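Bear in mind the structure is a predicted one, so any value in this text is a computation, not a measurement. By convention in this document, chain letters (A, B, ...) are assigned in the order of the sequence lines, proteins followed by strands, and residues within each chain are numbered from 1.
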Amino acid sequence: MKRAIQVFALLLLVLGVAVTPSVAQGKTDLVIGFAGLAQETLDPPVAGHFNKYYLALLYDYLVGTTNDGTLSPKGGIATKWENSADYKRWTFTLRRDARFHNGDPVTAEDVKFSIERNIGKRSTTGYAGPLRTLIATIETPAPDRVVIVTKEPTLIIPTYLSRALSSEGMVTPKKYIESVGDEAFARKPVGSGPYKFVEHVSGSHIKLEAFANHWRTGTPKYKTITFRIVPEETTRIALLRRGEVDVTDISRERVKELEREGYPMHFRKEDAVVSMWTVLDPNGGWPAPMKDKRVREAMNLAIDRTEVAQAIFGGHALPAAIPLGLSWSFKEIGLRVTPEMAYPHDVARAKKLLADAGHPNGFPLDVYAFLLPGFPEGKAFAEAIAGYWEKVGIKPKLIPVDYAAFRKNWVDRKAPGATGYFNIANRNWVGAYALLEKMAYTPSKPNDTAADPEIDGMIKQVMSQTDQAKINALMRNIFTRLRSEHLGYPIVYLHSPYASSKALASWNPGTVMYDFFFDELAATK
Amino acid sequence: MLRFVVVRLSQSLVALAILSVVVFILARATGDPLSMVLPMSATEEDYANARAYLGLDRSYLEQYVSFVGRAAIGDFGTSIRARRPVSELIRERLPNSFKLAAFAMGVSVAMAFPLGILAAVKKGTAIDRGAQIVSILGQSLPTFWLAIVLVEFVAGRLQWLPAVGDGTLASYVLPGFTLGWFVVAGMMRLLRSSMLEVLDSEYVKLARVKGVIEPRVVWLHALKNALIPVVTFAGIYFSILVTTAIVVETVFAWPGLGRLAYEGITGRDFPVIQAVVLVTAAIVAVVNLGVDCLYAVIDPRIRVAR
């Protein structure tokens with residue numbers, strides 16, 4: 001028996017030594033271990049928001065941004081962009097030192113081809129629809145000039161095609177794609193970013209290799225960056241402890257444990273706003289009893305947001321005050337959320353408002369409960385909110401479903417009066433506007449959550465407005481009215497935690513939607 | 001024998017055809033896959049475009065005919081989520097599952113055979129009782145718990161073995177043990193009872209009377225006949241290990257067929273779900289056929305009877 005134990009111990013030792021992390025991995029390799037890599041697609045038009053953080057290494061954007069989302073001529077293929085007097089022609093001047101990984105130069109023809117491809121009908125990206133509607137033609141008067149002609153005057157073309165939003169502005173090689181086809185390109189993509197494609201093993205990892213002397217980063221200091229899929233959190237943490245991953249996403253509840261062990265924590269503050277809404281009636285109006293503003297206010301006052309932030313999200317959240325209030329846009333549009341705008345937790349007033357509205361004994365309310373990516377607390381959250389509403393006399397009924405089932409009921413208006421929620425990724429003002437256009441603008445119909453003619457009018461004005469100051473004022477007014485009319489139930493802003501190896505203590509994941517700026521971590525210039 | 005194989009193959013094809021209808025209907029009963037692929041703010045126009053591009057706007061009958069027609073030549077369509085041919089995804093994932101299942105089965109056999117045989121030979125002793133404890137633990141410890149504990153302590157804290165699959169032999173140990181541990185208990189108990197039955201049979205007694213030494217009686221005469229139920233068990237469990245190791249593949253980040261199925265289900269990726277179910281059924285059918293053929297090799301009486 002003793003001998004058997006000795007043999008087993010020896011076997012473990014031999015096997016273990018064979019893969020000692022420090023031996024298996026040099027310091028020039030950066031490994032990111034995430035729970036998932038979304039669709040694991042490497043082609044911009046079928047990737048969209050969710051894959052941006054690795055696609056941004058492989059491709060350049062037409063318009064770059066700094067890591068706080070400010071458009072920057074230093075971060076993209078365009079070094080300059082100008083509008084015509086009528087705001088219907090946008091001219092982009094392209095840099096001449098950008099090359100694809102196959103050696104071809106990046107030209108105006110590539111940019112035109114990329115945009116048309118990225119917003120084409122097979123696209124599943126977030127802003128392809130609005131761009132298709134907006135863009136009339138794309139002209140290429142010179143190899144380093146692209147002119148985007150729009151059907152209506154607009155200010156937002158550069159932002160739509162920037163790193164601040166989705167993947168519509170990513171530049172891909174025309175010649176290569178036309179010669180190999182979409183499918184082959186998706187398998188072996190070629191971009192012009194600071195990292196080139198090495199391999200993609202489905203369900204396992206995506207590996208990229210540094211592209212020397214890149215205009216954006218210089219020669220990256222990490223020879224390779226590997227994005228590894230590790231679905232189980234315990235395993236990701238084990239890999240971090242073993243030094244086999246350098247950055248990993250973790251749940252809010254395990255933050256303290258890793259902090260105690262000395263691992264640097266990096267938060268994307270206010271990464272998402274958890275907003276709840278009422279499913280409108282089939283005609284797009286407010287169903288009873290939420291038609292009454294007092295009921296909506298009562299439902300908001302019933303919720304103790306500070307307690308939710310503490311108890312459900314481990315303190316890694318902040319109370320939210322504005323329905324659909326994407327706070328990363330507030331600074332740009334000059335909106336200040338005053339203490340008066342915050343909803344107090346006021347059960348007595350909530351009950352009085354319900355009584356005044358003719359519902360002293362409450363009313364039945366369907367509360368859909370589901371999990372979402374990045375929101376594992378979903379069901380506990382729904383239960384907590386239902387509990388608050390119950391305390392003011394409402395009779396909530398929790399309906400456990402998955403998001404797809406809820407979405408169908410929401411957009412088909414099959415459950416008028418029921419509530420649902422989403423952890424909506426935070427974004428800049430254009431992203432915020434695009435979201436409002438989908439979720440607060442009655443003419444967009446299925447997704448609308450805030451039937452309000454005044455808001456509809458203001459959103460419509462933003463579309464055609466070309467004066468940024470006026471746009472900012474309109475945006476401020478929209479958010480203010482969403483709050484004053486209680487057109488939804490904003491709950492909290494979520495902070496998303498990421499743990500890193502001790503060597504990466506200074507990593508700043510930035511405040512751009514679905515991006516982590518790993519290229520900045522690798523930059524040598 | 002050939003007739004037997006042909007009949008079994010025909011039965012399997014009929015079962016696969018019925019299964020294709022069932023899985024086609026059930027996969028679509030779970031909801032719209034596009035809500036998992038498109039951004040939350042996607043418009044109905046975006047949905048319509050994606051639906052048309054992926055062929056989901058056709059009638060169910062058209063979709064089914066197209067699915068069966070292409071599946072017959074090994075083309076399972078394009079994954080809605082990954083936008084890649086499903087057959088390519090299966091080709092990437094299936095070998096990983098086979099390798100892990102083979103390792104796990106090796107672990108099971110290596111543990112269950114000596115324990116099962118010793119428990120039978122030393123019936124009622126401390127060894128037998130020890131084997132019973134192993135058996136109880138094997139059947140009662142949930143796989144997910146065992147996997148998490150091994151990752152947390154053996155890989156994370158003690159750092160003895162890798163936590164995830166990285167192609168090295170060492171990376172097979174924890175997932176292989178976790179997966180195999182579940183099989184050890186059943187295999188060992190089955191072998192023990194089968195051995196006890198055979199050791200009590202007339203021909204074994206005769207061998208002993210004739211003076212055949214005990215190890216030869218046990219390992220040669222008894223074990224061979226005790227193997228038939230164990231081979232059936234191993235065959236069934238091998239196909240289970242290949243196709244349903246979802247928990248183990250998830251915890252150990254092992255890109256196998258189980259996780260592909262899970263991703264397909266959670267993403268409502270019809271083509272992936274359909275393909276995984278059909279491939280799984282095909283594997284089970286082939287393994288069962290293989291087991292049947294193996295009977296004949298182990299026990300010539302079965303061959304003669306057929």
If you look only at distance, which donor and acceptor atoms sit under 3.5 Å apart when one is on a side chain in residues 141-155 of chain B and the other is two or more places apart or in another chain?
unit_1, atom_1, unit_2, atom_2, d
B/E152, OE2, A/R241, NH1, 3.2
B/E152, OE2, B/R157, NE, 3.1
B/E152, OE2, B/R157, NH2, 3.0

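- Heavy atoms only, all atoms of each residue included: B/E92 and A/S202 are closest at OE1-CB, 2.7 Å.
- Here the side chains of B/R84 and A/E40 are not in contact, with every heavy-atom distance at 4.5 Å or above.
- Note that CD1 of B/I80 and CD of A/Q39 are 12.0 Å apart. Values are rounded to the nearest 0.5 Å.
- Most heavy-atom pairs under 4.5 Å with chain B, from the set A/G33, A/S123, A/A38: that is A/A38.
- Heavy atoms closer than 4.5 Å to chain B are found nowhere in A/R236, neither backbone nor side chain.
- For B/E249, no part lies near chain A; criterion is any non-hydrogen pair under 4.5 Å.
- Across all non-hydrogen atoms, the minimal contact from B/A163 to A/L239 is CB-CD2, 4.1 Å.
- The nearest pair of heavy atoms linking A/R187 to B/P85 is NH2-CG, 3.7 Å.
- Proximity to chain A among residues 104-113 of chain B is not found for any residue, judged by heavy-atom separations below 4.5 angstrom.
- With a 6.0 Å radius and a threshold of 12 heavy atoms from other residues, nucleotides or ligands, B/F182 has its CZ atom at or below the threshold.
- A/S204 contributes no side-chain N or O that, together with a main-chain N or O of B/P255, makes up a donor-acceptor pair within less than 3.5 Å.
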**Report entry** Derivation of the salt bridge (Lys or Arg N to Asp or Glu O under 4.0 Å) call for B/R83 and A/E183
**Finding:** CA-CA 9 Å; B/R83 299 284 183 99; A/E183 270 194 27; over 6 Å; no

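- Using a 4.5 Å cut-off between heavy atoms, A/A425 does not touch chain B at all.
- Of the atoms belonging to A/K121, heavy atoms from both backbone and side chain fall under 4.5 Å from chain B.
- Per-residue heavy-atom pair counts under 4.5 Å with chain B were compared for A/H205, A/E233, A/R228, and the maximum is reached by A/R228.
- Looking at every heavy atom in both residues, A/I229 comes nearest to B/R259 through CG2-NH2, 3.5 Å.
- Between chain A and the residues B/A48, B/S79, B/G156, the largest count of heavy-atom pairs under 4.5 Å involves B/G156.
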Query raised in the report: So B/V251 and A/T234, side-chain contact (heavy atoms from CB on, under 4.5 Å) or not? Walk me through it.
Result: CA-CA 8 Å; B/V251 174; A/T234 305; over 6 Å; no

